[in-house]
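Here is how names work: the chains are called A, B, and so on, in the same order as the sequence lines, proteins then strands, and each is numbered from 1. Heavy atoms only: backbone and side chains are in, while hydrogens, waters and symmetry mates are out.
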Amino acid sequence: MNPADLSALVLTVVQGLVSARGSAESVSIDDVPLERPRNREHGDWASNIAMKLAKPLGVAPRELAKQIADELAKLDGIAGVDVAGPGFINIRLDAAAAGALAKTIVDQGADYGRGDLYAGITMNLEFVSANPTGPLHIGAVRWAAAGDSLARIFQFEGGIVTREYYFNDHGGQIDRFARSLLASWAGEPTPDDGYAGEYIADIAARVVDAYPGELENIPTRDEVQEIFRAVGVEFMFGDIKKSLQDFGVHFDVYFHENEVHESGAVEHAIQRLRDLGAIFEADGATWFRSTSYGDDKDRVVIKSDGEYGYMSGDIAYYLNKRERGFERNLIMLGADHHGYVQRLMAMVAAFGDKPYYNLELLIGQLVNLVRDGEPLRMSKRAGTVVTLEDLVEAVGVDAGRYALVRSSADSQIDIDLDQWGRKTNDNPVFYVQYAHARTNAVARNAAASGVDRSVFDASLLTHETESSLLGILAEFPRVVRQAAELREPHRVARYAEELAGAYHRWYDNCRVTPLGEEPVTDVHRTRLWLNDATGVVLRSALGLLGVSAPERM
RNA sequence: GCGCCCGUAGCUCAGCGGAUAGAGCAAUUGACUACGGAUCAAUAGGCCGGGGGUUCAAAUCCCUCCGGGCGCACCA
C-alpha cells in the first residue's frame, strides 16, 4: 500500500463520518496528506485531519480522531491505529502492505515516481544566457546545474521541455570585448572598460591564427576590430558551449538576439502593445506604460536617438516564445537581475497573459567558491574570474553539479573546494553515489550466492530499518512533484541523501546474501527486491540531478 | 529612500502551520576473520537574529526592528 492509497482510504472514512454527522463540510484528497512521523514510534504514517476538522464540525479533536481511528483499524493492511497528542492519528501498516512497494518499484523501474503534473504542457526554460565576452563565471553556472536539473524534473512530471540559451553578440559589452582583443593583439594595455584575463590573449591569438599574416594589411583599425569581434565571439561562444557540454548541460535552442531584430519581431511586439494602448511617446522616445501593470516606472522601448531600448528585445523575445507555442516560460537569472521581475510581469499582463504563470523569473542568489577558508574573489578588472572550468577542475563534474543543486537557489552558498574535491565520506555526493554502487555490489554478490528474485513475500520485511527504508522509498513521487511545483531541485538531492542513509543502515542490519553455510531463504530473496528497489530510486534521483550513478566506485 | 533574497549547532546547509528542530563536516568514543569501513552505532553541541501579532498548534504566516548580500538608466 502506498501513501496515495492510504490517503484515499482515510478520505473515505472521514467523508463517511462527516456525512453521518449531517455536516455540509466537504473534504477532498488534498485535505488528508499523510506525513511520515519523525519519531518512528508514532507509526508509519500520521494524519492531522482530525485537528483540522474539529472546529468546523464542532467536535473535540481527540474525540474525532478516535472515531476515525476506530474505522481505519477495521481495514485490511492496517496493523494498528492510535490517537496521540492533540489529535494526531498514527497509522501502522502491516508488513505485507508496506513491503509490497519494493516489488512495485522494481517492476516499474525508471518509471517509478514519474508524475503527470505537467503532462502535455510545453515549457521553455531559459538559463545561463551569458553573452560571449568571457568564460562562464561561477554565477552563471549555478543555473546551469539547477536549471538543467529542473528541466529533468519537469520532464519526469510529463512536461514537454525546451532548454534555451539566449545570447547577444552586439552592443556595448561585445564592443569592449572586441577592443580588448584588439589591444591585446596590438600589444597595448587593456582598455579601462575592457576585459582582462589570460583568455583575452588566448582568444586574440586564435583569431590571428585564423588569419595568418593578414591582419597587418587591413587598412583601418575599425575593420580589424570588426574581425576580432566576429571571429573572437565565435571562438568564445564555442568555448562556452563546450564547457557546458562537458558539464552535462545541453541546450535545445541557442537563440540569437538578432533574430528578434532582423525578423521584425521587435516592431511586431511594440505594435501589439500599441494596439493594446500600452505605448506612449514622450521626450522624443517611445515608452511602455508599465506602471499601468504594477511596475514602478515606465520603460523606454525606443530611445530618442531611434535605437531600440534594452527592454524592447525582451518584449519581442517573450512574444516570440509565446508564438512558438510555449505555455510556460521560465527565465533563470542571478540576484543582480531581480529588478527585472516587475517590468517583465507588467509586460506579460499588458499582453493579456497571466503573470507568474505564462512567465516566471527564478532568481538565484550568489555562489562563492571557498578555498582554505578564503572566498575566491572575482574581479573583472584584474581578470580574476572564477569559472566553470575552475569548479570542474577542482572537484569534477558530479561533485560540482551536486554542490550547486544541493541548496535552495534562494540562499547564497559557499562551496568549499577542499571539501567537495575530496573522494571521501565528507563529500555528500560520494555518500549517495556509494549507496548506489553498494546496491549493485549487493546484487552482484546475491547472484553469486544463488539469491534471486524468484520469490517475493512482503510480510518478511519486518526489521525496523526495512520499514523505515520502505517509507522513504514511498515518498519519492511526492518529493519529485514538490520539487517541480516549487522549482526547487535541491529537494531531490536532500531526499537522495536521506534515502542513502536509510539504505546504509538497512545494509548494516539486514543481510541479502546468507552467511557462510546458511541456506538461501525467501527472506534473502525478498530482501533482494528491496535492495534493487533502492538502487532504482537512487539512480532516478541522481539522474534528475544530472549526476552519474556509478555501478562501482 | 524603495525593492528582492538571506539570518537555524563551531562550519556548510535542510526543514513553505504540527509531536522531543534535523543532515553532513568538525569534536569525543565505539564496531572490520560479516554482502565494499567511501559504512554503521553512540556522545556532545540550539533563547531557530530581537520584539509583537494570527492560530488548538509558529523556525515556518503577518507586522516591526537589527544584521548581511544584491539591485533600483533613454547601459546591455
Side-chain angles (χ1 to χ4, degrees), chain A residues 35 37-39 41-42 46 48 51-52 54-55 60-61 84-88 90 131 133 168 170-176 257 282-287 296-297 299-311 313 334-342 363-366 368 370 373 403 406-416 419-420 422-428 430-431 433-435 437-438 440-446 448-449 451 482 485-486 488 490-491 493-495 497-498 500-501 503-516 524 527-528 531 552-553:
Chain A
E35 322 180 325
R38 259 194 217 101
N39 188 334
E41 288 166 17
H42 289 147
N48 62 0
M51 289 180 285
K52 283 190 170 156
K55 195 171 230 180
F88 290 100
N90 294 327
N131 284 344
T133 58
N168 171 15
H170 285 86
Q173 291 179 26
I174 298 289
D175 287 343
R176 291 202 292 278
E257 187 185 19
D283 305 329
T286 301
W287 300 71
D296 54 358
K297 58 185 77 164
R299 306 290 170 177
V300 168
V301 289
I302 303 175
K303 296 186 270 183
S304 51
D305 64 5
E307 296 283 313
Y308 287 112
Y310 179 69
M311 194 181 175
D336 52 343
H337 287 72
H338 78 258
Y340 295 2
V341 176
Q342 274 190 318
I363 306 295
Q365 300 300 317
L366 295 181
N368 280 312
V370 175
R406 183 175 188 254
S407 300
S408 161
D410 283 343
S411 301
Q412 295 180 34
I413 50 170
D414 291 344
I415 295 179
D416 183 336
Q419 177 188 342
W420 287 91
R422 259 174 245 147
K423 299 232 184 309
T424 63
N425 59 345
D426 46 358
N427 188 341
F430 281 99
Y431 183 80
Q433 288 182 314
Y434 178 63
R438 185 173 250 186
N440 283 78
V442 167
R444 287 192 298 267
N445 292 330
S449 324
V451 178
Q482 203 176 28
E485 280 178 327
L486 299 171
E488 290 186 347
H490 76 271
R491 288 170 186 275
R494 297 299 175 149
Y495 171 81
E497 288 170 34
E498 198 186 337
Y503 175 76
H504 286 311
R505 284 187 285 281
W506 172 71
Y507 170 93
D508 235 44
N509 285 281
C510 301
R511 293 187 57 92
V512 172
T513 56
L515 253 183
H524 300 118
R527 282 176 177 166
L528 182 57
N531 177 77
R552 299 168 195 269
M553 293 174 71

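Aromatic ring orientation, A:Y310 versus A:Y340: tilted (interplanar angle from 30° to 60°). The aromatic rings of A:Y503 and A:Y507 sit tilted, their planes meeting at an angle between 30° and 60°.
Rounded to a whole Å, the OH atom of A:Y434 is 8 Å from the P atom of B:rG36. A straight line from CH2 of A:W420 to P of B:rU12 spans 14 Å, rounded to a whole angstrom. The distance from atom CG of A:D410 to atom P of B:rA59 is 21 Å, rounded to the nearest whole Å. Atom pair A:D414:CG and B:rG69:C1' shows a separation of 11 Å (rounding to whole Å applied). One atom, CD of A:E35, and another, C1' of B:rU60, lie 13 Å apart when rounded to the nearest Å. Atoms CZ (A:F430) and C1' (B:rC25) sit 16 Å apart, rounded to a whole Å. Put simply, NE2 on A:H504 is 15 Å from P on B:rA23, counting in whole angstrom units. Atom CH2 in A:W287 sits about 10 Å away from atom C1' in B:rA73, given to the nearest Å.
In this structure, A:Y431 does not count as stacked on the base of B:rG24 under the 5.5 Å centre distance and 30° plane angle limits. Residue A:H42 and nucleotide B:rA19 are classified as a stacked aromatic pair, their ring centres being separated by less than 5.5 Å at an interplanar angle below 30°.
Between B:rA14, B:rC70, B:rG68, one nucleotide has an atom nearer to the side chain of A:S407 than all others, and that is B:rA14. Relative to the side chain of A:R494, the nucleotides B:rG15, B:rA73, B:rA23 differ in distance, and B:rA23 lies closest. Considering only side-chain atoms of A:N168, the nucleotide from B:rA76, B:rG37, B:rG69 that sits closest is B:rA76. Here B:rG69 is the nucleotide among B:rG18, B:rC13, B:rG69 with the atom lying nearest to any side-chain atom of A:Q365. Side-chain proximity of A:R505 to the nucleotides B:rC40, B:rC72, B:rA19 is greatest for B:rC40. Of the candidate nucleotides B:rG36, B:rA73, B:rC13, B:rA73 has the atom lying nearest to any side-chain atom of A:K297.
In this structure, A:Q482 reaches the bases: a heavy-atom distance under 4.0 Å links it to at least one base atom across the strands shown. Across all strands, A:N531 comes closer than 4.0 Å to no nucleic acid atom at all (heavy-atom distances). Among the heavy atoms of the strands lying under 4.0 Å from A:R491 is at least one base atom, whether or not backbone atoms are also near. In this structure, A:N90 reaches the bases: a heavy-atom distance under 4.0 Å links it to at least one base atom across the strands shown. Contact annotation for A:A84: base contact, defined as any heavy-atom pair under 4.0 Å involving a base atom. Using a 4.0 Å heavy-atom criterion, one finds that A:S408 contacts the sugar-phosphate atoms exclusively. Residue contacts shown for A:I415 are absent, as no nucleic acid heavy atom lies under 4.0 Å away. Residue A:N48 is in base contact, counting any heavy-atom pair closer than 4.0 Å across all strands shown. The residue A:R552 sits close to a base: some heavy atom pair falls under 4.0 Å. Counting any heavy atom pair closer than 4.0 Å across all strands shown, A:A443 reaches no nucleic acid atom. At the heavy-atom level, A:R511 lies under 4.0 Å from base atoms of the strands shown.
B:rA58 and B:rC40: their P atoms are spaced 35 Å apart (whole Å). B:rC56 and B:rC47: their P atoms are spaced 30 Å apart (whole Å). Rounded to a whole angstrom, the distance from the P atom of B:rG10 to that of B:rG46 is 6 Å. If you take atom P in B:rG52 and the same atom in B:rG71, they sit 35 Å apart, rounded to whole Å. To the nearest whole angstrom, the two P atoms, one in B:rC65 and one in B:rU20, are 33 Å apart. Separating the P atom of B:rA38 from that of B:rC32 is a span of 15 Å, rounded to the nearest Å. Only the P atoms considered, B:rU60 is 30 Å distant from B:rA42, to the nearest whole Å. Rounded to whole Å, the separation between the C1' atoms of B:rC61 and B:rU54 comes to 8 Å.
Residue A:R511 forms a side-chain hydrogen bond (donor to acceptor under 3.5 Å, both in side chains) with just one option from A:N509, A:D508, A:T513, and that option is A:T513.
In this structure, A:G284 and A:V512 both approach RNA chain B, and ranking their closest nucleotides by distance from the 5' end singles out A:V512. Toward the 5′ end of RNA chain B lies the nearest nucleotide of A:S411, the other residue of the pair A:S411 and A:L515 mapping further downstream.
At B:rC40, none of the side-chain N or O atoms of A:Y503 fall inside 4.0 Å of OP1 or OP2 (strictly under the cut-off). The side chain of A:H490 contributes an N or O atom lying less than 4.0 Å from OP1 or OP2 of B:rG15. Phosphate proximity of B:rC56 to A:K55: present, with a side-chain N or O under 4.0 Å from OP1 or OP2. Using a 4.0 Å cut-off, no side-chain N or O of A:R444 falls inside it from OP1 or OP2 of B:rG36. Taking 4.0 angstrom as the limit, A:R438 places a side-chain polar atom (N or O) nearer than this to OP1 or OP2 of B:rG37.
Under the Watson-Crick or G-U wobble criterion, with both distances below 3.5 Å, B:rG18 is paired with B:rC56. Using the Watson-Crick or G-U wobble rule with both distances under 3.5 Å, B:rC48 pairs with nothing in any strand shown. In this entry B:rC4 has B:rG69 as its Watson-Crick or G-U wobble partner, both defining distances falling under 3.5 Å. Under the Watson-Crick and G-U wobble criteria, each requiring two contacts below 3.5 Å, nucleotide B:rU12 is paired to B:rA23. Shown here, B:rC32 forms no base pair; nothing in the strands shown gives a Watson-Crick or G-U wobble contact with both key distances under 3.5 Å.
The two atoms that bring A:G334 and A:I363 nearest to each other are O-CG2, 3.8 Å, heavy atoms only. Listed here is the closest heavy atom pair of A:V512 and A:H524: O-CB, 3.1 Å.
One distance of note links CD of A:E498 with CZ of A:R491; it measures 12.0 Å at 0.5 Å rounding. With values rounded to the nearest 0.5 angstrom, A:D410 atom CG is found 4.0 Å from A:S408 atom OG.
Residues A:R299 and A:D296 are paired through a salt bridge, judged by an N-O separation under 4.0 Å between the basic side chain and the carboxylate.
Using a distance-only test at 3.5 Å, with no hydrogens or angles considered, a donor-acceptor pair links the side chain of A:D305 to the main chain of A:E307.
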When you look at A:Y495 and A:Q482, which way does the side chain to side chain contact (heavy atoms under 4.5 Å, CB included) test go after all the steps?
CA-CA 11 Å; A:Y495 171 81; A:Q482 203 176 28; over 6 Å; no

